[in-house]
Amino acid sequence: MHKKIATTVLSASLLAASLGGAASAASATNFRDLQNVTGHDKILALHDKKIVSGVSKTAFAPQSKLTQAEALQLIVNGFKLDEKPLTDALIALNTLFPAVKEDAWYANAFSYAYYNGVDIPKSVSPSATITREQYIDYVMTGLQAVGNMPAIDVVAQEIADGDKLNPAYLDSVQLAIVFGIAELDSERNFNPTHEITRAEAAVILYNAVEFLEKSSSNQVNSNDERIIDVLPHEQPTTAPAAGLYAAPENGKFFSTGSVQQAIDEQAAPSTKVQVAVTLFENGSPIDEQSAKGAAELKRLQLLGYDIDYAQAWTYQGNLEKVEYTYISGVFTAEQLESFQASANYGYAFDFASNGDGSAVLGKNDAVTGTKSPRLIAE
């Protein structure tokens with residue numbers, strides 16, 4: 001039987017309902033507390049789209065802190081995640097997130113966000129405030145779930161207070177900055193641990209929605225000759241690198257941030273890493289087991305690379321474990337830097353993982369990644 005998410009349960013809480021659109025029918029022009037608020041025009045635009053509302057007929061409460069639950073509701077509204085189909089069998093929310101109540105106003109937001117790939121920690125408390133870095137991570141993993149991301153190479157930006165960033169959120173923050181979804185302050189600080197306000201969150205979401213609309217209509221310039229240096233942290237997928245934001249152009253290649261970090265930590269040209277090799281043609285991934293994929297694998301083997309098909313496992317349906325096949329290669333840092341790419345394909349090197357996020361077994365003393373298994377009910 002297909003289990004579906006029920007219609008959203010509305011709360012009597014005015015603040016919570018203010019994120020859903022229908023709770024406050026006031027015109028945005030009646031908000032008296034948006035004057036001189038940075039990005040007020042973007043907040044009003046989201047209100048017109050019924051993505052956000054005020055906390056009363058005359059107030060938006062721009063400086064109020066956002067909670068985890070409110071953040072997820074915003075993202076579900078903005079990216080219309082509640083319109084995307086979910087898996088056939090769903091796990092009880094309080095099994096995934098012990099602090100989440102099944103009958104709470106935010107329950108559907110957690111469901112649609114989680115099952116569409118938003119990276120929510122198991123220990124989340126719905127009523128807790130959310131920091132700027134974690135909100136950005138929610139936004140970027142949500143954007144990844146719905147976006148047809150352009151093939152554009154990006155350069156990591158210098159963040160003055162980057163040492164304060166949680167490494168788990170670094171890639172999402174870097175991409176958000178590069179894509180203009182988030183900004184640094186005048187001193188190039190991101191202030192990652194600051195609690196985000198309703199106004200800040202709304203502006204960031206507006207920028208993300210706008211980016212999504214532009215990328216979907218091919219208005220994002222994808223011809224810049226820039227080197228990719230960051231990617232969002234990985235989600236469990238049916239194949240390695242299937243959820244990348246950016247794709248390498250034909251004849252180009254890159255290693256994800258996690259692979260590069262592992263190499264940097266070893267600090268030796270002879271360091272071996274075992275990675276999944278995802279092939280792209282004109283910005284789109286190709287089936288590694290297709291005729292093209294098999295022919296390119298053979299070419300790489302003839303060049304002397306230690307590369308072949310391998311298998312890992314992932315989840316499908318009712319958390320059933322199934323195996324998937326991908327191209328796996330053992331490379332030295334030097335080989336990755338001087339990789340002999342074909343002009344017909346682009347290449348992404350990433351650590352392969354199983355459905356729970358655990359690294360696959362390596363060979364020849366190669367580094368296979370530093371991921372740990374995700375907490376998930378079976």
Side-chain angles (χ1 to χ4, degrees), residues 140-141 143-144 147-159 167-179 215 220-235 237 239-267 269 271-286 288 292-293 296-297 299-300 303 305-307 326-353 359 366-371:
M140 298 307 287
T141 52
L143 185 62
Q144 177 179 342
N148 178 19
M149 307 307 293
I152 178 171
D153 297 341
V154 298
V155 175
Q157 302 294 294
E158 179 183 354
I159 302 175
Y169 304 140
L170 176 60
D171 291 346
S172 289
V173 170
Q174 286 281 14
L175 277 175
I177 294 171
V178 170
F179 290 153
S215 63
V220 176
N221 184 3
S222 61
N223 296 318
D224 295 334
E225 294 294 331
R226 293 176 286 179
I227 300 173
I228 192 155
D229 196 39
V230 291
L231 288 172
H233 58 274
E234 300 81 2
Q235 295 290 324
T237 60
L244 302 181
Y245 278 112
E249 297 176 5
N250 291 355
K252 296 186 178 181
F253 58 90
F254 64 79
S255 299
T256 62
S258 55
V259 172
Q260 192 58 53
Q261 180 180 0
I263 291 174
D264 292 343
E265 288 174 353
Q266 298 295 323
T271 294
K272 292 181 179 180
V273 291
Q274 181 169 325
V275 296
V277 182
T278 303
L279 302 176
F280 294 83
E281 184 177 34
N282 301 323
S284 298
I286 67 172
E288 288 86 348
K292 289 182 178 180
E296 178 57 16
L297 174 60
R299 185 188 76 87
L300 295 173
L303 289 172
Y305 291 120
D306 182 3
I307 188 169
Y326 65 98
I327 294 177
S328 175
V330 176
F331 299 91
T332 64
E334 194 171 36
Q335 285 177 320
L336 285 181
E337 290 180 1
S338 59
F339 182 74
Q340 298 181 56
S342 165
N344 298 321
Y345 304 109
Y347 308 77
F349 306 119
D350 190 15
F351 287 126
S353 64
V367 177
T368 60
T370 56
K371 300 174 186 176

Mutual orientation of the aromatic rings belonging to F253 and F339 [parallel < 30°, tilted 30-60°, perpendicular > 60°]: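 If you compare the ring of F253 with that of F339, the planes turn out perpendicular.
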With rounding to the nearest 0.5 angstrom, report the [atom1] to [atom2] distance, [X] to [Y].
X    : Y    : atom1 : atom2 : value
Q335 : I307 : CD    : CD1   : 10.0 Å
L279 : K292 : CG    : NZ    : 11.0 Å
E158 : Q174 : CD    : CD    : 10.0 Å
E288 : S328 : CD    : OG    : 11.0 Å
I159 : L170 : CD1   : CG    : 6.5 Å
Y345 : T278 : OH    : OG1   : 14.5 Å

Can you name the closest pair of heavy atoms from [X] and [Y] and give their distance?
X    : Y    : value
P248 : Y347 : CG-N, 3.4 Å
N344 : E281 : O-CG, 4.0 Å
R299 : A341 : NH2-C, 3.7 Å
A333 : I263 : CB-CG2, 3.5 Å

Could you tell me whether the side chain of [Y] reaches within less than 4.5 Å of the side chain of [X], counting heavy atoms only?
X    : Y    : result
L143 : F179 : no
V273 : V367 : yes
F331 : V259 : no
I286 : F280 : no

Under 3.5 Å, side chain of Y305 to main-chain N/O of Q340, donor-acceptor pair present?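 Yes: the side chain of Y305 pairs with the backbone of Q340.
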